[in-house]
There are 4 protein chains.
Amino acid sequence: MEAQREGKFDRILDAAIDAFAESGFYQCPVSRIAQLAGVAEGTIYLYFKNKEEVLIQIFQERMGAFITNMRGELSREETTEAHLRTIVRLHFSYMEQNRSLAIVSQLELRQSNPRIRQAINGPLLEYFHLIEEVIQQGIEREEVPQTDPWVARQMIFGSLDEATTDWVLARNPRTLMSAVEPLLTLFKGALRLKNRTI
Amino acid sequence: MEAQREGKFDRILDAAIDAFAESGFYQCPVSRIAQLAGVAEGTIYLYFKNKEEVLIQIFQERMGAFITNMRGELSREETTEAHLRTIVRLHFSYMEQNRSLAIVSQLELRQSNPRIRQAINGPLLEYFHLIEEVIQQGIEREEVPQTDPWVARQMIFGSLDEATTDWVLARNPRTLMSAVEPLLTLFKGALRLKNRTI
Amino acid sequence: MEAQREGKFDRILDAAIDAFAESGFYQCPVSRIAQLAGVAEGTIYLYFKNKEEVLIQIFQERMGAFITNMRGELSREETTEAHLRTIVRLHFSYMEQNRSLAIVSQLELRQSNPRIRQAINGPLLEYFHLIEEVIQQGIEREEVPQTDPWVARQMIFGSLDEATTDWVLARNPRTLMSAVEPLLTLFKGALRLKNRTI
Amino acid sequence: MEAQREGKFDRILDAAIDAFAESGFYQCPVSRIAQLAGVAEGTIYLYFKNKEEVLIQIFQERMGAFITNMRGELSREETTEAHLRTIVRLHFSYMEQNRSLAIVSQLELRQSNPRIRQAINGPLLEYFHLIEEVIQQGIEREEVPQTDPWVARQMIFGSLDEATTDWVLARNPRTLMSAVEPLLTLFKGALRLKNRTI
DNA sequence: AATGAATGAGCCTTCATTCAT
DNA sequence: GATGAATGAAGGCTCATTCAT
């Protein structure tokens, strides 16, 4: 029962990601989500309070898992360079493997609607914090000279985000993964990263 | 008459920028634009084919002027560092002085709606091209080592865009202008900018 | 089993009375009845054909019992004054002790929906008939001068009903019982009731 | 323009009265009102905030006018008997000439929905007050012995209301007007009305 | 018998667009 | 050109009823 229920919750969430990716949150009728999920329109309201809540859950469930995963990967690495590489690679590989979710993120990450904004902010701020931690650690380990971690984070996340947007909007895009090393080179230069000498 | 027409055209455009900034393109009724512009709803359809066209004109008129202006400023500078400083400063000062337009840009720059997308792309690609030219020139003048201008542009525009988004969404933001020099330092490091020796 | 069945039937009926009293028949979801009765929604459809049928049964069961009871009480009295007093007292005391049922009656007694109307009419017409019999007997016994029993019944029932409505809608009502004697005085005057001389 | 606007407001109000009379407020789709009024569904929302507001306006506009009219008629009469006759005759003749409004009144006068309730109460309490004033004056002029005007009003209004309900629900009703004198006789008896001696 | 998840018809309301004035 | 009343299509959401378990 519960498994079935869980199954339907996820099916609707997946369908909503595809549906929102198709046309954006406001342009997408709930009936389209139902159609893609293979359930009746009313069924969606058994699992979600309203349409807004579906979008909110997308960020809370999927982005939350992504960040938890990334935190785990980062804890296995020691150097700032390895940390940065992990961030760029995981970010790009996750987006590349979840194209619809990537599209929804690019479309809806910038919501003025306060309720949705609030819900997105949770995972997003955690992601920002995680990037800033990496930079801060680099400074403490003297791999990175004194820098404003906040501005550095804007550069790193902004670059990842812009690359993803380009990839999402391009018809025949380069793979995102092909941008990992060039971008890392830029980040290392920007942060004046020294190789750590033991 | 033509002047009057222009006057009303611009009044509607300014009103639409504020209106879209308030609540986003799809959430904003045409009646709100009319209200802010001080004209009747029907009047808007004398100047614009439909609501979509209003958004399109915002990018074509306002972003177009912004880019033309930036191109002029850039032509007065010689070094890559000066070029980059001009881009960052103009980008931030323009956004800071046109907060509503900044909001609309952040909200609507990532539209999946194909018609709108197409229209945004014009000015945006020109802006991208302009940034890439600066980098290309830097490479040719040997101020910048061999780099992929496309990836470098993603980093530069992505950073500017992300900083603007942060500023737009923050309640009590730092001024954008205060981020000019820190960001420039990062860009110079990323591009391994050498001071040109004559 | 039959006892259990009866038990659940009555539990649903009681729950429905409270539920309909809360928000009115059309405003009340079947789920609310189920919730108050402590049964599943589907269970209700084992005991009642549909939602309408629940309302119909309320009148048939509860109002039916009320009228049967009143008929019994009346048969123990001799004079028209005693009959009238019995009607007023039983009407008010029953309503006062079954506030939710009183509310449902006041709300739904006037239904245009023909099927419900039809079902309410059964008990109601019997009640009307009972009142008219009392008047008719009064005339035959020469306690009451020639009167139209139909109009007199309208006055009596209308007064009782209006008093009940006032009581139901008032926030801090007088007790209904406190209106028994004043109302009786009015009725006696209206019917020009003579004390029966043997 | 304004005349036209007024015309459409009234046309919608009249249509709504008929539509609500057909099936009750909650059972009646807004589309039915629009159909009867000969306007588009959306037009209704140019004149009324929502469906609830239409019902509220019915009571405020139509019942308000009825009461104002009755107050005028009463001021032209001197004796309590004449006052009572005016009330009964106007009540019945108004209902008889506005059958749909009468039905709506009988259906919706007893609303538990608090917002609607509130709006109905205004005119209704004014009507109650008017009846109680007539009784109070009768007492002061010594045409009526000491009585509780509140209970007397319950009897009078309750009788009128019940007679109207009977008439509304009957298939082949007696005319309401035929009940004027029988009911008056009852009222006079109930209030022990003396002919005023000069 | 009892459950409650699932269904889908139906309704209120919004809003882009038109057009008579 | 300018107006704004009118239109009607479209969509989010509720809820009576069913049915597999």
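Each chain gets a letter, A, B and so on, in the order the sequences are listed, and its residues count up from 1.
- In this structure, B/K51 is positioned above the aromatic face of B/F25, its NZ or CZ under 6.0 Å from the six-membered ring centre and within 45° of the axis.
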Strand DNA chain F in bracket notation, Watson-Crick/G-U under 3.5 Å with | for pairs to another chain | .||||||||||||||||||||
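- Whole-Å rounding puts the C/K49 NZ to F/dT18 P distance at 11 Å.
- One atom, OH of A/Y45, and another, C1' of F/dA16, lie 18 Å apart when rounded to the nearest Å.
- Put simply, the side chain of D/R99 gets close to the backbone of D/V168: a donor and an acceptor are under 3.5 Å apart.
- At the phosphate of F/dA2, OP1 or OP2 sits under 4.0 Å from a side-chain N or O atom of B/Y47.
- Side-chain atoms of C/K8 lie closest to E/dA2 of the nucleotides E/dA2, F/dC13, E/dT17.
- Under the 4.0 Å criterion applied to side-chain N and carboxylate O atoms, C/D161 and C/R110 are assigned as salt-bridge partners.
- The CZ atom of A/R11 sits 13 Å away from the C1' atom of E/dA5 (whole-angstrom rounding).
- Nearest to the side chain of C/L46, among F/dG12, E/dT3, E/dA5, sits E/dT3.
- Relative to the side chain of D/A40, the nucleotides E/dC12, E/dA1, F/dT7 differ in distance, and F/dT7 lies closest.
- Evaluated for a side chain to side chain contact (heavy atoms under 4.5 Å, CB included) with D/F20, the options D/L107, D/L101, D/I33 yield exactly one hit, D/I33.
- The aromatic rings of A/F9 and A/F48 sit parallel, their planes meeting at an angle under 30°, below the 60° perpendicular limit.
- Separating the CZ atom of B/F48 from the C1' atom of E/dA16 is a distance of 15 Å, rounded to the nearest angstrom.
- C/D10 and C/R62 are joined by a salt bridge, as a carboxylate oxygen and a charged side-chain nitrogen come within less than 4.0 angstrom of each other.
- With hydrogens and angles disregarded, no donor-acceptor distance shorter than 3.5 Å links the side chain of A/E108 to the backbone of A/G24.
- The interatomic distance linking A/I44 (CD1) with F/dT14 (P) rounds to 13 Å, in whole Å.
- For the pair D/Q27 CD and F/dT14 C1', the interatomic distance rounds to 14 Å; values are reported in whole Å.
- Between B/G42 and A/G42, it is A/G42 whose nearest contact on DNA chain E lies nearer the 5' terminus.
- The listed nucleotides are E/dT3, F/dC13, F/dA2; the one nearest the side chain of C/V39 is E/dT3.
- In the set F/dC15, F/dA6, E/dC11, the nucleotide with an atom closest to the side chain of C/P29 is F/dC15.
- One atom, CZ of A/F25, and another, C1' of F/dG11, lie 12 Å apart when rounded to the nearest Å.
- Side-chain to base pairing of D/E41 with E/dC12: no donor and acceptor N or O lie closer than 3.5 Å to each other.
- Counting heavy atoms from C-beta on, the side chains of D/F59 and D/S105 come closer than 4.5 Å.
- Nearest-nucleotide positions on DNA chain E for D/S31 and B/S31 put D/S31 closer to the 5' end.
- Where C/V30 and B/G38 meet DNA chain F, the nucleotide closest to each residue was compared, and B/G38 sits on the side nearer the 5' end.
- Atom-to-atom, CD of C/E53 to P of F/dT17 comes out at 11 Å; the value is rounded to the nearest Å.
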